[in-house]
Amino acid sequence: MLVEKAIQDSHALIKKKCKVNNPENILPGMQPDLCIVNFYSETGKLGLHQDRDESRESLDQGLPVVSFSIGDSADFLYGDTRNVDEAKKVVLESGDVLIFGGGSRHVFHGVPSINKGTAPKSLTEETKLRPGRLNLTFRKY
Ligand SMILES: O=C(O)CCC(=O)C(=O)O
Ligand SMILES: [Fe+2]
């Protein structure tokens, strides 16, 4: 499945970059049983928050959230506090997969803006995706 593949790819990357033999100690594996679907219109946003609705075991183990972005790109903020001014920003584009788990499972994150009209033409032409951004997050409850 796509989620397991994404985690495997992350493990390979962690192994290489962090020079460790057991990347699972940094990013635990996860088999999802839950998917949250968010659709953002061109003016949609989501304030800085932590994802804490999963079970105590899932949160304590740092089981990752695996997030897929489809459609318009979005600014994504993340940081150690709820303070927007201290947050870092990355642009998530259509097709990007973002994973946060292990020591980053409780990261504050949010979507301050959607970049209107940036979805790939091939996507909007071939699908009936309305203007905006679709985000799927797979998790283990
Ligand atoms: O849309 C995103 O990239 C983030 C979604 C999110 O944080 C959530 O569903 O909890
Ligand atoms: Fe979230």
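One-based numbering, in listed order, for ligands and for the atoms of each.
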Checklist line | Salt bridge Asp72-Arg133, side-chain N to carboxylate O under 4.0 Å | finding: no
Note to self: Through direct or indirect side-chain contacts below 4.5 angstrom among Ile, Leu, Val, Met, Phe, Trp and Tyr, which residues connect to Tyr141?
What the structure shows: Leu34
N/O contact list for ligand 1, threshold under 3.5 Å:
from	atom 1	to	atom 2	distance (Å)
ligand 1	1 (O)	Tyr40	OH	2.5
ligand 1	1 (O)	Arg133	NH1	2.8
ligand 1	1 (O)	Asn135	OD1	3.3
ligand 1	3 (O)	Arg133	NH1	3.4
ligand 1	3 (O)	Arg133	NH2	2.8
ligand 1	3 (O)	Asn135	ND2	3.4
ligand 1	7 (O)	His49	NE2	3.1
ligand 1	7 (O)	His109	NE2	3.0
ligand 1	9 (O)	Asn38	ND2	2.8
ligand 1	9 (O)	Arg139	NH2	3.4
ligand 1	10 (O)	His49	NE2	3.2
ligand 1	10 (O)	Asp51	OD1	3.2
ligand 1	10 (O)	Asp51	OD2	3.4
ligand 1	10 (O)	Arg139	NH2	3.2

Next item on the list: Please find the N/O/S atom of Asp51 nearest to the Fe ion (ligand 2) and write down its name.
Entry: OD1
Note to self: Going by the rule side chain to side chain donor-acceptor pair (under 3.5 Å), which residues pair with Asp60 if we only count those two or more places apart in sequence or in a different chain?
What the structure shows: Arg56
Item checked: Approximate separation, where rounding is to 0.5 Å, of Phe138 CZ and Ser67 OG -> 10.0 Å
Checklist line | At the Fe ion (ligand 2): angle between His109 atom NE2 and His49 atom NE2, to 10 degrees | finding: 90°
Check: Taking the side chain as C-beta and beyond, is there a heavy-atom pair between Glu86 and Thr81 under 4.5 Å?
Finding: yes
Next item on the list: Compare all side-chain heavy atoms of Lys140 with those of Pro32 and state whether any distance is below 4.5 angstrom.
Entry: no
Mind listing the side-chain donor-acceptor pairs of residues 93-105 below 3.5 Å, one per line with the distance, residues two or more places apart or on another chain?
from	atom 1	to	atom 2	distance (Å)
Ser94	OG	Gly71	N	3.0
Asp96	OD2	Glu93	N	2.7
Arg105	NE	Leu63	O	2.7
Arg105	NH1	Asp51	O	2.9
Arg105	NH2	Glu54	OE1	2.8

